[in-house]
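Let me begin by presenting the structure, written as structure tokens, before commenting on it.
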Amino acid sequence: MSDKDEELAMPRDAKIVKSLLKSMGVGEYEPPVIHTFLELWYRYIVDVLTDAQVYSEHAGKSEIDCDDVKLAIQSKLNFSFSQPPPREVLLELAQNRNKIPLPKTIAGPGIPLPPDQDTLTSPNYMFGIPSQGSGEPEETEDEETSIPNPSQEEKTDMQQQDPHQRVSFPLPKCQKDYFYVPTAFND
């Protein structure tokens with residue numbers, strides 16, 4: 001088919017979208033662009049009319065009038081589309097931000113990396129080696145509960161004695177080798 005035949009077979013709304021694109025200076029575009037704009041257009045109209053219907057029902061009216069449609073359009077503009085701040089405000093914010101100079105870089109070979117303490121590759125643990133040897137007796141629940149927690153004063157005293165000493169705590173021993181998996185509710 002020729003361009004004239006395609007234009008005659010095109011729906012009126014598609015012709016309007018095509019003329020809008022042409023008036024905005026868009027000369028070349030893919031054919032699905034028109035369908036995409038039509039879908040967006042229809043969806044917007046349905047949303048506005050649905051909101052207008054809700055407003056008219058809230059006002060106790062049986063039909064949608066012009067004021068309901070205006071209110072629905074205004075609410076769409078307020079909540080869906082946001083206007084960017086004026087250019088003067090953006091320039092002022094940029095000037096205030098750019099007053100602070102960037103830190104000087106130390107030029108070196110390769111890519112600059114953060115210190116080892118700030119990376120995830122540095123070791124962040126220390127093995128606790130028991131001083132009594134490998135023949136420790138196993139603790140029971142009674143022994144664990146009989147040891148009172150040290151007070152805050154005792155903790156600070158322990159920290160002042162040897163600040164570089166690391167403390168390790170043994171993991172509790174499991175009685176059985178299975179996991180608890182909750183089942184679905186029977187309601």
Side-chain angles (χ1 to χ4, degrees), residues 1-106 111-125 149 152 169 171-172 174-187:
M1 283 200 283
S2 67
D3 290 336
K4 293 288 181 179
D5 294 338
E6 287 180 11
E7 189 138 346
L8 289 175
M10 192 179 293
R12 182 179 67 93
D13 294 341
K15 289 178 186 176
I16 293 172
V17 170
K18 191 173 183 178
S19 67
L20 283 173
L21 288 172
K22 189 176 182 181
S23 70
M24 291 173 36
V26 180
E28 295 181 20
Y29 50 85
E30 295 289 322
V33 170
I34 293 177
H35 298 291
T36 304
F37 276 118
L38 283 174
E39 183 180 341
L40 178 68
W41 187 6
Y42 292 151
R43 189 179 311 146
Y44 179 76
I45 290 172
V46 166
D47 287 345
V48 167
L49 291 178
T50 304
D51 289 348
Q53 184 178 12
V54 168
Y55 296 145
S56 69
E57 288 174 0
H58 180 72
K61 297 184 263 182
S62 60
E63 292 183 2
I64 299 172
D65 62 359
C66 186
D67 292 333
D68 297 327
V69 174
K70 286 180 183 178
L71 184 60
I73 290 172
Q74 189 63 39
S75 69
K76 281 282 183 203
L77 289 175
N78 289 341
F79 297 112
S80 296
F81 304 107
S82 63
Q83 296 292 326
R87 181 183 169 124
E88 294 79 23
V89 173
L90 291 176
L91 287 173
E92 183 181 343
L93 288 173
Q95 286 175 350
N96 289 338
R97 184 65 177 166
N98 290 335
K99 285 180 183 177
I100 303 169
L102 293 174
K104 300 279 184 191
T105 60
I106 301 172
I111 300 171
L113 296 174
D116 284 340
Q117 71 239 16
D118 296 335
T119 61
L120 296 176
T121 58
S122 64
N124 59 354
Y125 57 87
N149 288 335
Q152 188 66 28
F169 297 98
L171 295 174
C174 294
Q175 296 288 331
K176 298 185 180 181
D177 294 325
Y178 62 87
F179 295 100
Y180 172 71
V181 179
T183 58
F185 295 107
N186 296 327
D187 291 340

Please list all pairs passing the salt bridge (charged side-chain N to carboxylate O under 4.0 Å, His left out) test where one or both residues lie in residues 33-46, with sequence neighbours left out.
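Applying salt bridge (charged side-chain N to carboxylate O under 4.0 Å, His left out) to every pair that reaches into residues 33-46, excluding sequence neighbours, yields Glu39-Arg43.
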
Tell me, which pairs form a salt bridge (charged side-chain N to carboxylate O under 4.0 Å, His left out) where one or both residues lie in residues 55-67, sequence neighbours left out?
Lys61-Asp65, Lys61-Asp68

For residues 20-37, which side-chain N or O atoms pair as donor and acceptor with protein atoms under 3.5 Å away, sequence neighbours left out?
{"residue": "Ser23", "atom": "OG", "partner": "Ser19", "partner atom": "O", "Å": "3.4"}
{"residue": "Ser23", "atom": "OG", "partner": "Leu20", "partner atom": "O", "Å": "2.8"}
{"residue": "Thr36", "atom": "OG1", "partner": "Pro32", "partner atom": "O", "Å": "2.9"}

Could you go step by step and tell me if Ile64 and Tyr55 meet the side chain to side chain contact (heavy atoms under 4.5 Å, CB included) rule?
CA-CA 8 Å; Ile64 299 172; Tyr55 296 145; over 6 Å; no

Rounded to the nearest 0.5 Å, how far apart are NZ of Lys76 and CG of Asp51?
5.0 Å

From Leu71 atom CG to Ser56 atom OG, the distance as rounded to the nearest 0.5 Å
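Taking CG in Leu71 and OG in Ser56, the distance rounds to 10.5 Å.
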
Considering non-hydrogen atoms only, spot the tightest contact between Ala72 and Ala52 and give its length.
CB-N, 3.7 Å

Please name the pair of heavy atoms, one in Lys15 and one in Met10, separated by the smallest distance, quoted to 0.1 Å.
CE-O, 3.3 Å

Pairing residues for Thr50 by the side-chain hydrogen bond (donor to acceptor under 3.5 Å, both in side chains) criterion, not counting sequence neighbours
none

Donor-acceptor pairs under 3.5 angstrom involving side-chain atoms of residues 86-94: please list them, not counting sequence neighbours.
none

Which residues share a side chain to side chain contact (heavy atoms under 4.5 Å, CB included) with Tyr42, sequence neighbours left out
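Tyr42 satisfies side chain to side chain contact (heavy atoms under 4.5 Å, CB included) with Asp13, Leu38 only.
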
